[in-house]
Amino acid sequence: MGQRPFAAVRAAAVLLCAVLALPGSASASVTAPVSTVVGLSGPTAASYGATVRVTGYLRTSPGGTAIAGQKVVVQRSARNQNKWSALRTITTGNGSFAFDVTQSTAYDYRAVYAGSTAYKPATGATYYPAVLRKVILDSIKTTDYASGRLQVSGRVYPAGPKVQLQRWVAASRTWKTIGTFTGSGTAVKVDATVGGSVLTYRLYSPMAFPYGAGSSKARSFQHFVWRGVFKKPLLARGGTANPEFNVLPASEVPALSEADLLADRTGTVWGDLNTRGCTKIKAWFGNLTDGTVRTSLLNGTTVIGAVNQPQESETELIRSLAGSTRTRLQVQDTNSGYGPSVATDTYVLCNN
């Protein structure tokens, strides 16, 4: 009789286990957590100091249903170091979220979801907005009109090991480096020597880990340089009484600035100079005539400069061209026995 209560308890336990094992029991109705996926996206690159808007999401996987009202931790690590620390915790709205970061040190970012009773945890892929050097071109100026030296000033953030001055080459559609700054600070000054021109320039800082390459806005600049006036061929020449306007070749005068002007007695000799793109002219005259001549610079019929020059004298006319694109250089006999004989050495300040 003492064994029966124990046997009854044992039988009841066996029966309970059988019931719990049946389909549809309370234990079997517990739902397993759903898989999730979390991630970040945004611009692939932005300049140093810029604000980048990063967006993120938390979704079920598979299916991609947005999960709202969950806390996601945004982590960051120095680029490629894989040493993560929490940056901020954000609660998802309709499954998405957003935050801003300021581009400074190069950081990797990722989103981490710790999970809940309903959703499994997830760690997102690395997102890296490359930090480009910020380059600013402040000014361009010509510092030597004779040699053609120009100087470009600007700034670079953060300070880089190298900043290049580049100009646009339209024929090849490429940027050509014409000068380099290798200082240690953020202030940049680059010198280059180029011919007279109207070209487009920029400052460029090459990639140097952990910062990506950066460039300034391009700027067009008229660079005026003194050059021999005969580097551009005469547009026309003429006169009276056997005029001769003889330009000395580059083999004798590399600057192409010299010419001899001759005519018979009472004659005139002239040449039309191509002064398009030029702002000033500097003309030296040496009178070898056995008498007086009148040397002149004219824009059409308008006299830019003129002087009566006696025998065996020198003179120089330095004048603004005031927009004259075709300037006449003329010598006229006023009182000689054999006709005018004048040498000239003439330069123009031009952007070509």
Does any non-hydrogen side-chain atom of [Y] lie less than 4.5 Å from one of [X]?
X: Arg110; Y: Tyr127; value: no
X: Tyr119; Y: Thr60; value: yes
X: Leu262; Y: Ser341; value: yes
X: Leu321; Y: Thr327; value: yes
X: Tyr128; Y: Tyr109; value: no
X: Trp284; Y: Glu314; value: yes
X: Gln103; Y: Pro129; value: yes
X: Asn80; Y: Phe209; value: yes

Can you tell me if [X] and [Y] form a side-chain donor-acceptor pair at under 3.5 Å?
X: Ser61; Y: Thr36; answer: no
X: Thr92; Y: Gln70; answer: no
X: Arg294; Y: Gln332; answer: no
X: Asp264; Y: Thr266; answer: no
X: Thr143; Y: Gln151; answer: no
X: Asp333; Y: Ser336; answer: yes
X: Asn246; Y: Asp260; answer: no
X: Thr174; Y: Ser172; answer: yes

So salt bridge (Lys or Arg N to Asp or Glu O under 4.0 Å) across residues 73-85, not counting sequence neighbours, yields Arg79-Asp108
Hey, could you give me each pair passing salt bridge (Lys or Arg N to Asp or Glu O under 4.0 Å) that has a residue in residues 92-102? Not counting sequence neighbours. Arg53-Asp100
Nearest 0.5 Å, please: how far is [atom2] in [Y] from [atom1] in [X]?
X: Arg202; Y: Ser215; atom1: CZ; atom2: OG; answer: 4.5 Å
X: Lys231; Y: Ser257; atom1: NZ; atom2: OG; answer: 9.0 Å
X: Leu40; Y: Thr126; atom1: CG; atom2: OG1; answer: 9.5 Å
X: Lys71; Y: Thr91; atom1: NZ; atom2: OG1; answer: 3.5 Å
X: Thr301; Y: Asn299; atom1: OG1; atom2: CG; answer: 8.0 Å
X: Lys282; Y: Ile318; atom1: NZ; atom2: CD1; answer: 6.0 Å

When you look at Phe245 and Leu329, which way does the side chain to side chain contact (heavy atoms under 4.5 Å, CB included) test go after all the steps? CA-CA 10 Å; Phe245 196 118; Leu329 188 156; 4.2 Å; yes
Could you go step by step and tell me if Val131 and Thr105 meet the side chain to side chain contact (heavy atoms under 4.5 Å, CB included) rule? CA-CA 7 Å; Val131 183; Thr105 304; over 6 Å; no
Apply side chain to side chain donor-acceptor pair (under 3.5 Å) to residues Ser220 and Thr200 and explain how you reach the verdict. CA-CA 4 Å; Ser220 179; Thr200 301; 4.6 Å; no
Under a single-linkage definition using a 4.5 Å side-chain heavy-atom cutoff for Ile, Leu, Val, Met, Phe, Trp and Tyr, are [X] and [Y] assigned to the same hydrophobic cluster?
X: Ile304; Y: Leu273; answer: yes
X: Phe97; Y: Leu87; answer: yes
X: Leu137; Y: Val188; answer: yes
X: Tyr347; Y: Val331; answer: no
X: Ile140; Y: Val163; answer: yes

For [Y], is there any backbone N or O sitting under 3.5 Å from a side-chain donor or acceptor partner on [X]?
X: Arg328; Y: Trp270; value: no
X: Gln309; Y: Phe285; value: yes
X: Ser47; Y: Lys134; value: no

Working for side chain to side chain donor-acceptor pair (under 3.5 Å), residues Ser296 and Gln330: CA-CA 5 Å; Ser296 307; Gln330 178 174 283; 4.8 Å; no
Candidate pair Leu199 and Tyr201, rule side chain to side chain contact (heavy atoms under 4.5 Å, CB included), full reasoning: CA-CA 7 Å; Leu199 293 173; Tyr201 299 86; 3.8 Å; yes
Nearest non-hydrogen partners of [X] and [Y], listed with the distance:
X: Gln166; Y: Tyr204; result: OE1-CB, 3.5 Å
X: Gly185; Y: Phe181; result: O-CE2, 4.3 Å
X: Ile178; Y: Arg167; result: CG2-NE, 4.0 Å
X: Ile67; Y: Arg59; result: CD1-C, 3.7 Å
X: Ser205; Y: Lys162; result: OG-O, 3.3 Å
X: Ala263; Y: Thr240; result: CB-O, 3.9 Å

Please report the C-alpha distance between Asn287 and Ser313 in whole Å, then the side-chain angles of each, then the deciding distance to 0.1 Å, and finally whether the side chain to side chain donor-acceptor pair (under 3.5 Å) criterion is met. CA-CA 5 Å; Asn287 183 17; Ser313 66; 4.6 Å; no
Does CZ belonging to Phe99 count more than 12 external heavy atoms closer than 6.0 Å? yes
I'd like to know whether CZ of Arg276 has more than 12 heavy-atom contacts from other residues, nucleotides or ligands below 6.0 angstrom. no
When you look at Val190 and Leu203, which way does the side chain to side chain contact (heavy atoms under 4.5 Å, CB included) test go after all the steps? CA-CA 9 Å; Val190 190; Leu203 290 173; 4.1 Å; yes
Expected list for residues 222-229: side-chain donor-acceptor pairs under 3.5 angstrom, two or more places apart:
{"unit_1": "Gln222", "atom_1": "OE1", "unit_2": "Asn351", "atom_2": "ND2", "d": "2.7"}
{"unit_1": "His223", "atom_1": "ND1", "unit_2": "Thr142", "atom_2": "OG1", "d": "2.9"}
{"unit_1": "His223", "atom_1": "NE2", "unit_2": "Gly148", "atom_2": "O", "d": "2.8"}
{"unit_1": "His223", "atom_1": "NE2", "unit_2": "Val194", "atom_2": "O", "d": "3.3"}
{"unit_1": "Arg227", "atom_1": "NE", "unit_2": "Asn352", "atom_2": "O", "d": "3.1"}
{"unit_1": "Arg227", "atom_1": "NH2", "unit_2": "Asn352", "atom_2": "OD1", "d": "3.1"}

So that I can tick it off, tell me whether Arg326 and Asp272 are bridged by a salt bridge, with the cut-off set at under 4.0 angstrom between side-chain N and carboxylate O. yes
Positive for side-chain contact (heavy atoms from CB on, under 4.5 Å) with Leu317, one of Leu297, Thr344, Ile281: Leu297
